[in-house]
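One structure is given here, and the rest of the page talks about it.
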Amino acid sequence: MPTVLEIKPVQAAAHPATKLLTRAELDAYDPRSESWQRQFQRRYTHHSELKGVLKGLEDVNETVYGKFAVAVTPYMAQLMDPNDPQCPIRLQYLPSHFEETKPGFATLLDQLGEEGDTIPGTSIVHRYPRRVLFLVSNTCATLCRFCTRKRMVSQPAGSVHKEQIEASIDYIANNPDIEDVLLSGGDPLTFADERLDDILGQIRRRAPHVRFLRMGSRMVVQLPTRVTPELCAILEKHRVQMLNIHINHPKEITPLLRERVKMIQKAGVMMGLQTVCLKGVNDNVATMRELFMQSIEMGVRPYYVYSTDMVEGAHHFVVPHRRMLELYEGLRGWISGPAVPTFIVDGLGGLGKLPIIPQYVTEELLPDGSGTTIKCRNYAGKTVEMPGLGLGFALPTQSN
Ligand SMILES: *Cc1c(COP(=O)(O)O)cnc(C)c1O
Ligand code: SF4
């Protein structure tokens, strides 16, 4: 059997970390008071463990656990509204009856078709020219009910073995065309510092052709104390140029998160934000405006808003495409330009990321074919026609 990478708790197991089962215990808990590994051990892994902490908890049946595990850090539980089952953080992390059955979605565990683009023997998804997605871990600090990688995240069969990591680094080292490596998972920050140091160091040493080294992590948001001076020194040493975090609602932005984001930024790492468009969580203009403005306030540039993928147990989060266009229109022009991300739908079966862009400019052929009229509509709905553009040139016949 290949060795599965394990998360090593730093402290001795003499005093095993216990779960915080009452409201009083949870309220009294200070996430800064102990190592991130110990907080990791205190995660709630069954909804019943939250009964003493949250009111109005849904009693889902056990079939849910066979499909996707539950894991919630104490810090994340502190952010949940104890009285409101519709709390945007509860909706993201607590299992619901919607996950119990939904025929038709069951076969779509890999809707993005990532398996088909995975290089055999590695955990590298090589879909686009010149850049690769390197899935290093199959664990996250807190598990999102809408996770697009349910096929591997928290599944024993999805474990990334040491041999695969080595083969992945070989692949990157042996392909001089690869100039951009994105470490993701799962969450790369679930690894111990030494392991991360080793992987990043090997990429930098053995693949000098890699110009851009970036990471995606939600742990910064779910367990901010994972960000330590030691971790930041590793990011700086290996010149990790970008770290994307994943936030779906302004409630997830706290003083502790801001403090740790600042530490990463001081290590010279550019930071971006990824968001999933989720029904009931953030599918309204006011929430999105607030989220993206708070994000640029802390110097984190909104990058992508993804549509919810049609993975099993996530159908109740899906926001229609048309609504996503409206949400975009509620941002562009209305808030600071740098606060407006690109909206993305991931094409079924490996088509990849497709931008969802409302039409602001349309082109019409002049009746005599001598050029085009550009019809423009601004963010507030004012329109103008610009007949000059394209004048004097007959449009080339379209061939494809
Ligand atoms: C998202 C993704 C990337 C990175 O795409 P960018 O648009 O460059 O951020 C690379 N590979 C795969 C397979 C991806 O899904
Ligand atoms: S953080 Fe990302 S990979 Fe992890 S459970 Fe959530 S969506 Fe899935």
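Counting begins at 1 with the first residue of the sequence. Start at 1 and go down the list; that is how both ligands and their atoms are numbered.
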Going by the order shown, which atoms of ligand 1 are within less than 4.0 Å of some heavy atom of [X]?
X: Val125; value: 13 (C)
X: Arg214; value: 4 (C), 5 (O), 6 (P), 8 (O), 9 (O)
X: Tyr304; value: 6 (P), 7 (O), 9 (O)
X: Lys353; value: 1 (C), 2 (C), 3 (C), 4 (C), 5 (O), 14 (C), 15 (O)
X: Arg131; value: 5 (O), 6 (P), 7 (O), 8 (O)

Quiz item: Of all heavy-atom pairs between Arg90 and Pro82, which one has the smallest distance, and what is that distance?
Solution: NH1-O, 3.4 Å

Considering the heavy atoms of [X], write down every atom of ligand 2 situated less than 4.0 Å from one of them.
X: Arg218; answer: 1 (S)
X: Gly186; answer: 3 (S)
X: Cys140; answer: 1 (S), 3 (S), 4 (Fe), 5 (S)

Quiz item: Is Tyr303 in polar range of ligand 1, meaning some N or O pair under 3.5 Å apart?
Solution: yes

Quiz prompt | Tyr128 N/O to ligand 1 N/O under 3.5 Å | solution = no

Exercise. List the closest protein heavy-atom neighbour of atom 6 (Fe) of ligand 2: residue, atom name, distance to the nearest 0.1 Å.
Key: Cys144 SG, 2.3 Å

Quiz item: Which residue and non-hydrogen atom of the protein lie closest to atom 2 (Fe) of ligand 2, and at what distance in Å?
Solution: His246 ND1, 4.2 Å

Quiz prompt | Metal check, atom 6 (Fe) of ligand 2 vs Cys147 N/O/S, cut-off below 2.8 Å | solution = no

Practice problem: Please indicate whether Arg130 has more than 12 foreign heavy atoms, meaning atoms of other residues, nucleotides or ligands, lying under 6.0 Å from its CZ. | Solution: no

